[in-house]
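Data first, discussion second: the structure below is written as structure tokens.
FYI, the numbering just counts along the sequence from 1. Whatever order the structure lists ligands and atoms in, that order sets their numbers, starting from 1.
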Amino acid sequence: MDDALDRVLDARSATLLAGQLDVHTVGDLLRHYPRRYADQGQLTPIADLAAGEDVTVVAEVRKCGSRRMQRKNGTIQHAVIWDGTRELDLTFFNQRHLPEVLTPGRKALFAGRVTRYGKARTLQLTHPRYQLLDGDADQLAEFARPLIPVYPATKDLPSWTIQLCVRQVFDVLDDPTDPLPPSLRAAHRLPELGAALRAVHRCDDRAQIATAQRRLKWDEAMAVQLTLARRRQEASSRPAPACPRRDGGLAAAFDSVLPFTLTAGQREVGELLAAELAGEHPMNRLLQGEVGSGKTVVALRAMLRVLDAGRQAVLLAPTEVLAAQHARSLRAMLGEHGRAGELGSAEQATRIVLLTGSLPARDRKRALLDVASGAAGIVVGTHALIQDRVSFADLGLVVVDEQHRFGVEQRDALRARAADGTSPHVLVMTATPIPRTVAMTVYGDLEVSALRELPSGRSPISTTVVPVGEKPGWLDRVWRRITEEVAAGRQAYVVCPRIGGADAVGEDTADEDAAGEDGERPPLAVLDLAPRLEEGPLAGLRLGVLHGRLPGADKDAVMRSFTAGEIDVLVATTVIEVGVDVPNATVMVIMDAQRFGVSQLHQLRGRVGRGSHPGLCLLVTDFPEGSTARERLGAVAATTDGFELAQRDLELRHEGDVLGAVQSGRRSGLKLLSLLRDADLIGQARETAQRLVAADPGLTGHPGLARLAADLLDEERARFLQKI
Ligand code: ADP
Ligand code: MG
């Protein structure tokens, strides 16, 4: 399976496969699975073709001629093919010798896009690729099979060329060794690897193909789950910085001044965390909880336990805005307990240090010193912090907030951060609900807990789609609504997908998946809209602007004035997506809402309705009713159940993106396995992997499995290393 392809194939095919499909070895090619299978019988009828489809037809050439083009230089070739039922026109350009190849009576496969042309709107294929079928009899037989595999292809490597390459590989290949142990295959009734590969590439029976695919999915699921099981095993077998419970410490002092009653969920999770922090092995836990469910307090209480044990805690946030806000709110919550070294601090107070990339050099140096000396008990910073060489005096706990852009590898990097050979406890928090299969893969190295209730006194958020395409007048009503809220003493957000000006690509813009559907008009930008609102419909209100290109200090100042109520309306990009907490903000208007993903919209609207006043979220779009974009917005408007939306989001996205964005690229690791459809299989593989690794952590008894996992890891490492 490791054999280089040029030992089996001609040089041209090998080069094309390597260059265009990243297929280098025999194994790579055999794992380049058909995307689907076409029935020869259903393929053929030209009568069934419809404009716009990409089709492959088997047909006989009736005639083919060439002529000069009338207005331009060059030649044009017309051919007519016939499949026994109907004729179809083909058009080619500048292939003067084509009539010598496509002679009447020759049979060939033709593949291309069906278009209409001329007054009669006749169907035709323009510049199709073709493969003659009267080569050797063997080839003909290959294409005459009832089921034709359709491969992910490129312009120079059409599906049928790949099919022939695969065929050639099978002719010389010895059966590969099977990584799955016979007992596992027997338990789940899985065919052997060789048989499965043959079936998936060259088989005429859909049921057999499905069985083969299930077997190949097991390979993928086991590779992922073994890797994760070993990570869990490794992470939890390291010694942890011990943080035993202590009476009369900071944690206890904080609890006694807490201005509200903890929800049952907060208390329960708090107990669990306290127990895990006191244990001998590191905690590795994911805390899920809807926006506003009060995760920060839970994290703070855990951090205080760690401080009580004489160690440090770090809180990582995805953006500088959020880091600054966290530092502020932790300071506010801790009060006198957070002002060590200052006048009026409590006896056993700690110090909170904010560490972000935009700190002036001198402040940064001092902050780093405080962290290294242990003077700072709590360090708050951006995720980017881990890429710097911050050294801690005694790091006990890492809290990662709003972590949906933070992968397994990054968590591993953090775990390597503690002193004295221990691994810090890790608490990851996210408001994006995670479907079960994603939890088992992307977050598979973590145990999961959830906060399911919101603190009492929360107000509901209602969401409405504002279809300005059909109802242009509604936009005025949107601005009027903001004016009314401000008059009533409230505040509002207006979110745009783009910063504007000399837009830098990749900066806090909307989700790529959702974007680009309209293509024509550039999405609305903060820097364009804000002045228009200021002069127009929102004249007289105090507007502020917030986006990722502002210097850190400015961002912070804007957030501060918004929090203080000195700004009425904040026009912003998605920098406010996560964690920003201004209870007096009640309205959020999202412009070009179709540009955002489902989860992102859900996150965004969680910024309003955080106080005692009901929240309102307006999704402004000019996309027409019936478009998928509108469907997606409708789904967001219809429910505030984050779990339901997360599932929906998974359905609407490319799974590769879900994995790729969060984890350092599993793209090539998961080809057949679907997070959406294979939940049961993934669950079974997880159990199996857990059992195998518990009994044999090095997998020495299962070299095939060890190899499967190692291949995946290699790939992942390679990708991760490319990123930093
Ligand atoms: P999230 O889970 O979205 O991070 P936060 O931790 O930011 O939520 O909490 C949102 C707000 O709710 C904060 O202002 C916090 O002080 C407040 N809060 C947290 N827990 C409670 C509670 N049990 N009762 C009342 N308010 C709470
Ligand atoms: Mg939060």
Side-chain angles (χ1 to χ4, degrees), residues 254-271 273 285-304 315-335 337-338 378 380-383 399-406 427-434 448-461 491 493 559 562-565 574-586 588 599-613 615 617 640 642-643 645-646:
F254 175 72
D255 279 357
S256 69
V257 299
L258 205 66
F260 44 71
T261 325
L262 295 173
T263 63
Q266 285 173 317
R267 262 199 317 277
E268 234 167 75
V269 174
E271 277 305 305
L273 299 187
R285 191 160 283 280
L286 172 70
L287 177 58
Q288 263 179 265
E290 277 289 323
V291 173
S293 56
K295 296 182 290 294
T296 317
V297 185
V298 173
L300 178 56
R301 293 178 73 232
M303 291 195 267
L304 295 178
L315 171 58
L316 297 179
T319 63
E320 298 210 344
V321 169
L322 197 50
Q325 180 185 288
H326 268 316
R328 261 199 310 279
S329 68
L330 292 184
R331 280 191 190 117
M333 275 196 267
L334 277 177
H337 300 291
I378 297 180
V380 183
T382 48
H383 288 166
V399 180
V400 185
D401 192 25
E402 304 297 357
Q403 87 99 51
H404 55 289
R405 297 191 184 136
F406 203 71
L427 173 65
V428 168
M429 306 197 291
T430 177
T432 314
I434 298 164
V448 182
S449 320
L451 291 178
R452 299 208 176 268
E453 63 198 313
L454 295 183
S456 54
R458 274 302 144 70
S459 314
I461 304 172
Q491 289 161 282
Y493 298 98
M559 248 352 268
F562 189 62
T563 311
T574 52
V575 283
I576 57 151
E577 180 183 344
V578 287
V580 167
D581 185 20
V582 178
N584 192 46
T586 49
M588 170 165 292
S599 290
Q600 209 175 10
L601 291 170
H602 184 58
Q603 287 280 327
L604 280 168
R605 72 174 158 187
R607 303 303 111 219
V608 293
R610 294 171 77 84
S612 50
H613 306 283
C617 175
T640 48
F643 280 92
L645 284 173

Against heavy atoms of [X], which atoms of ligand 1 measure under 4.0 Å?
X: Ser293; value: 2 (O), 8 (O)
X: Thr261; value: 22 (C), 23 (N), 24 (N)
X: Thr296; value: 4 (O), 5 (P), 6 (O), 7 (O)
X: Thr263; value: 23 (N)
X: Val297; value: 19 (C)

Is the shortest heavy-atom distance from the side chain of Leu304 to the side chain of Leu334 under 4.5 Å?
-> yes

Ile576 vs Val321 side-chain heavy atoms within contact, under 4.5 Å = no

When rounded to the nearest 0.5 angstrom, what is the spacing between [atom1] in [X] and [atom2] in [Y]?
X: Ile378; Y: His326; atom1: CD1; atom2: NE2; answer: 12.0 Å
X: Gln288; Y: Lys295; atom1: CD; atom2: NZ; answer: 9.5 Å
X: Leu273; Y: Arg285; atom1: CG; atom2: CZ; answer: 7.0 Å
X: Cys617; Y: Arg607; atom1: SG; atom2: CZ; answer: 11.5 Å

Min N/O separation Gly289 to ligand 1 under 3.5 Å | no

Ligand 1 contact on Gln266 by region, counting heavy-atom pairs under 4.0 Å | side chain

